[in-house]
Student: 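Here it is, the structure in full.
The shown structure was predicted, so the numbers you read here are calculated from the model rather than taken from an experiment.
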Amino acid sequence: MPVSSVSRAASGLDWELEAPGAVGAPSDCVGMGIKAALPKYEIYFYNTVLCLAMFWSASWVFEVSSSNVNRKTFKTSVKPGWYYFGRKMDTADFEWMMWFSTFREHILFALSGHVLFAKIGSMLAPQYRSLVYLVYGLLAVWTSMGWTYVTLILSHCILLYSISLVKIRWLCFITGLCTLATFKCEPFVSWQAGFVEGDFELRHILFYGGCGFTIMRCMSFALENCDRKDGNYNILELLKYNFYLPFFYFGPIMTFDKFYVQANKSDLTRKEREMWNINVQGVIYLGVILGVDVLFHFMYILTIPNDMKLLKHLSDWALVGLAYFNLVYDWVKAAVMFGVINTVSRLDHLDPPKPPKCITMLYVFSETYFDRGINEWLCKYVYDYLGGKHENVVEELVATLCTFGVTILWLGPCEVVLVWAFFNCFGLNFELWTAKFFSMEPFSSFETAMSEATSRRIRGIFNTFNFWCIVLYNILALNSLDFAKLVAKRLLLKGFPITTIIVMFVTYCLIQVIKERERRQALINDPDPLPPASPPTAASPTAAAAAPAAAAQPVVDPSKQKAE
């Protein structure tokens, strides 16, 4: 995994930072243990402990929310909500309120228009449907932001297209990064922002979102054009790629090579039950949106972390629960926002990046990412390109430093981003160093001698500490440095040893529950082969009769390696 990245556009919202996973990076799935089973009663015990701890922590957060609803510091963000609940609503997350309350009509109108025209284009002329996407996207951007903004975007596209004709990768990359930097430093930011016309309330956010993702898409196009052996891609393909409306303002980013193949595919047949799955996903996202709105009426998980005086008087369980629920909510927000957009793109016969991985499922830095689009972009063009097989310590260090460097520029250099990037970069490299160290003697012999279940339990202990490092690093980015420091002090110093031991034990139970889920998925993806049949002998008529039956058994591909 390389670096952390934003889940949405590079604008002034409270962007969540994530670290994409890297192919080949050391993870717990490598080595002993991915298919190691534990006794069923042990798994039942872990699930029971985990559920009780979740309810216990949630009750503390609910109690704090109910007893402090009238605090003066809450007045700016806790406002009247649905009257039949009889409770106020947490409105501290501007991004969620913007998407699903204030501007939902604008967003629904634009996406509905795209779906309608895309469907008409696919029915009448499927070979030209990408042109329909381009025309509608251009008109939508021009209508919402003005022709000067469209001209600004086109100028960046033409610049990077011209550079890509030289077919020098490093030149394309440096040009793209310098162009991206013009949206992060003055006076270039103010000068370019002056091109935006009108008083549309979303103007500021859409400006940075559209520009930031445009640069990343243009860099992907330029780098893919450098790798093309026969000629160059047409600039029209770049415009189709960039002005695809569902991805234009808020992502996710799909690399150009994938978009080019999928958008120009003329065979638009769907898989069995594909439309049913798309409809089910849409209903699920609608249910999650309603569920989050209900939750905001009972637990003010976003407002409480902003009141440091109140935080200092909270119990350890309430504080730990707040830290965990903040990350879970941030994942839910990213999953819903990208999920809605991805549902629209699936209607266009595209295969967008997968939904973000839940923070609850993350216990290694090499898989710590929420935005898979940014993750794939960084892995393909920076991390994997420089890191190779991710086995050499020096190459890995260079690859992670460069990847986090691009991420810092993408997010905008500031104290919080720099601290966050440093700790995540260190955590990623420390995993490789640890894997290298424990692969040497006598540790490798110790693990080989022990049972797989024991190895899984020992690994779970180490993963427990890793999990809280990931939580604290991301809390730093999502909330504030003061909140992260307070949680760390309460968890490791003031709460030691009782709170520390209890929280770590509950986290250990969570890790084992995650590992059990991964074990079952590994058995589905790579089932264990049937044992080989006994070799037939001439003196054994039974074995001779069984030979045809054995031959009918499915042949196991010898090149297919087991997950262990």
Side-chain angles (χ1 to χ4, degrees), residues 28 38 42-43 45-64 299 301 304-305 307-331 358-365 367-368 419-420 422-424 426-428 430-431 433-434 437-438 454-516:
D28 190 64
L38 296 178
E42 187 174 343
I43 298 298
F45 173 74
Y46 293 147
N47 277 284
T48 303
V49 171
L50 188 59
C51 291
L52 292 175
M54 291 293 183
F55 282 117
W56 179 250
S57 183
S59 67
W60 277 98
V61 178
F62 172 74
E63 175 62 29
V64 173
M299 291 196 294
I301 57 175
I304 296 174
D307 189 341
M308 291 304 299
K309 292 183 178 180
L310 176 61
L311 288 173
K312 292 178 181 179
H313 295 89
L314 296 185
S315 66
D316 295 346
W317 276 103
L319 201 60
V320 170
L322 273 174
Y324 175 74
F325 291 139
N326 263 261
L327 288 181
V328 172
Y329 161 73
D330 196 67
W331 166 76
C358 180
I359 185 65
T360 302
M361 307 299 292
L362 302 176
Y363 56 85
V364 287
F365 281 91
E367 296 180 5
T368 309
V419 173
W420 168 86
F422 170 79
F423 281 116
N424 276 276
F426 173 78
L428 180 58
F430 186 73
E431 281 185 352
W433 303 337
T434 305
F437 179 75
F438 283 101
T454 304
S455 172
R456 170 174 164 175
R457 295 186 183 101
I458 294 176
R459 285 172 176 266
I461 295 173
F462 286 99
N463 295 145
T464 297
F465 295 98
N466 223 28
F467 179 88
W468 274 101
C469 287
I470 294 173
V471 170
L472 291 175
Y473 296 165
N474 283 279
I475 282 295
L476 164 69
L478 295 175
N479 294 100
S480 65
L481 180 60
D482 292 334
F483 180 53
K485 288 166 60 177
L486 181 62
V487 174
K489 286 181 180 179
R490 191 74 67 85
L491 182 63
L492 302 176
L493 299 177
K494 291 185 177 180
F496 187 84
I498 297 176
T499 301
T500 306
I501 293 175
I502 294 176
V503 171
M504 292 303 172
F505 175 70
V506 172
T507 308
Y508 172 81
C509 296
L510 171 63
I511 298 299
Q512 293 299 349
V513 170
I514 299 171
K515 287 177 178 290
E516 182 64 18

Student: Between Val61 and Ala318, what is the shortest heavy-atom contact and its length?
Tutor: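 In this case the closest contact between Val61 and Ala318 is CG2-O, 3.9 Å.
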
Student: Which residues satisfy the side chain to side chain contact (heavy atoms under 4.5 Å, CB included) test with Ile501, sequence neighbours excluded?
Tutor: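 Scan of Ile501 (side chain to side chain contact (heavy atoms under 4.5 Å, CB included), adjacent residues dropped) gives Pro497.
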
Student: How long is the straight-line distance from CG of Leu50 back to OG1 of Thr507, given to the nearest 0.5 Å?
Tutor: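 Nearest 0.5 Å value for the OG1-CG distance: 9.0 Å.
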
Student: Kindly indicate, with the supporting measurements, whether the criterion side-chain hydrogen bond (donor to acceptor under 3.5 Å, both in side chains) is fulfilled by Glu431 and Asn466.
Tutor: CA-CA 9 Å; Glu431 281 185 352; Asn466 223 28; 2.9 Å; yes

Student: Measure the CZ-CG distance between Phe483 and Leu319 for me, rounded to the nearest 0.5 Å.
Tutor: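 Taking CZ in Phe483 and CG in Leu319, the distance rounds to 5.5 Å.
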
Student: Check ring pair (Phe, Tyr, Trp, His ring centres under 6.0 Å) between Phe55 and all other residues, then give those that pass, not counting sequence neighbours.
Tutor: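 Applying ring pair (Phe, Tyr, Trp, His ring centres under 6.0 Å) to Phe55 gives none.
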
Student: Check Gly460 against Ile511 and note the closest heavy-atom contact, atom names and distance.
Tutor: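 So the minimum-distance heavy-atom pair works out to CA-CG2, 4.0 Å.
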
Student: Look at atom CG of Leu493 and say whether more than 12 heavy atoms of other residues, nucleotides or ligands are closer to it than 6.0 Å.
Tutor: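 Count over threshold, so yes.
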
Student: For a quick test of reading the model, state the closest non-hydrogen atom pair linking Ala323 to Ile475 and the distance between them.
Tutor: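 Answer, listing the atom of Ala323 first, then Ile475: O-CD1, 3.3 Å.
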
Student: Kindly say whether Asn326 contributes a backbone atom to a donor-acceptor pair with the side chain of Asp330 at under 3.5 angstrom?
Tutor: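 No, the answer is negative, given that no donor and acceptor are paired below the 3.5 Å cut-off.
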
Student: Distance only, no hydrogens: is a donor on one side chain within 3.5 Å (strictly under) of an acceptor on the other, for Gln512 and Arg457?
Tutor: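 Short answer, no.
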
Student: Taking side-chain hydrogen bond (donor to acceptor under 3.5 Å, both in side chains) as the cut-off, I'd like each qualifying pair that reaches into residues 52-64, sequence neighbours left out, listed once.
Tutor: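 Residue pairs passing side-chain hydrogen bond (donor to acceptor under 3.5 Å, both in side chains), neighbours aside: none found.
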
Student: With the side chain counted from C-beta on, respond yes when Leu492 and Phe496 share a heavy-atom pair under 4.5 Å apart, and no when they do not.
Tutor: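 A side-chain contact is absent here, since even the closest heavy-atom pair is not under 4.5 Å.
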
Student: Once you round to the nearest 0.5 Å, how far does CE of Met361 lie from CG of Leu510?
Tutor: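 Answer rounded to 0.5 Å: 8.0 Å.
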
Student: Which of parallel (below 30°), tilted (30 to 60°) and perpendicular (above 60°) describes Tyr508 and Tyr46?
Tutor: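 Answer is perpendicular, since the angle exceeds 60°.
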
Student: Are Leu311 and Leu322 side-chain neighbours, meaning at least one heavy-atom pair lies under 4.5 Å?
Tutor: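 Yes - at least one pair of side-chain heavy atoms lies under 4.5 Å apart.
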
Student: For the pair Trp433 and Phe430, name the ring-plane relationship: parallel under 30°, tilted 30 to 60°, perpendicular over 60°.
Tutor: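 Perpendicular: the ring planes of Trp433 and Phe430 meet at over 60°.
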
Student: Would you mind reporting whether Thr499 and Arg490 have side-chain heavy atoms less than 4.5 Å apart?
Tutor: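 No; the side chains remain at least 4.5 Å from each other.
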
Student: Do Val49 and Phe505 have side chains that approach each other closer than 4.5 Å (heavy atoms only, starting at C-beta)?
Tutor: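 Yes, at least one pair of side-chain atoms sits under 4.5 Å.
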
Student: How many angstroms lie between atom CE of Met504 and atom CG of Leu491, to the nearest 0.5 angstrom?
Tutor: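 These two atoms lie 4.5 Å from each other.
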
Student: When you look at CZ of Phe438, are more than 12 heavy atoms from neighbouring residues, nucleotides or ligands closer to it than 6.0 Å?
Tutor: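 Yes - once you tally the heavy atoms of other residues, nucleotides and ligands closer than 6.0 Å, there are more than 12.
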
Student: Less than 4.5 Å apart, any side-chain heavy atom of Leu327 and any of Trp331?
Tutor: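 No, every pair of side-chain atoms sits at 4.5 Å or beyond.
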
Student: Any chance you could measure Leu486, atom CG, to Lys494, atom NZ, to the nearest 0.5 Å?
Tutor: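 Rounded to the nearest 0.5 Å, the CG-NZ separation comes out at 7.5 Å.
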
Student: Are the side chains of Asn474 and Phe423 in touch, meaning some heavy atoms are under 4.5 Å apart?
Tutor: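 They are not in contact (no side-chain heavy atoms under 4.5 Å apart), so the answer is no.
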
Student: Apply the side chain to side chain contact (heavy atoms under 4.5 Å, CB included) test between Lys515 and each candidate in Asn463, Leu38, Ile43; give the one that qualifies.
Tutor: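 Testing each of Asn463, Leu38, Ile43 against Lys515, the sole residue satisfying side chain to side chain contact (heavy atoms under 4.5 Å, CB included) is Asn463.
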
Student: Quick one: does Trp317's side chain get under 4.5 Å of Val320's, heavy atoms only?
Tutor: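 Sidechains of Val320 and Trp317: no contact.
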
Student: State, with a plain yes or no, whether a side-chain heavy atom of Ile304 is found less than 4.5 Å away from one of Leu314.
Tutor: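 A side-chain contact under 4.5 Å exists here.
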
Student: Taking all atoms of both residues into account, what is the closest heavy-atom pair of Gly495 and Asp316, and its distance?
Tutor: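 Of all heavy-atom pairs spanning Gly495 and Asp316, the closest is CA-OD2, 4.0 Å.
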
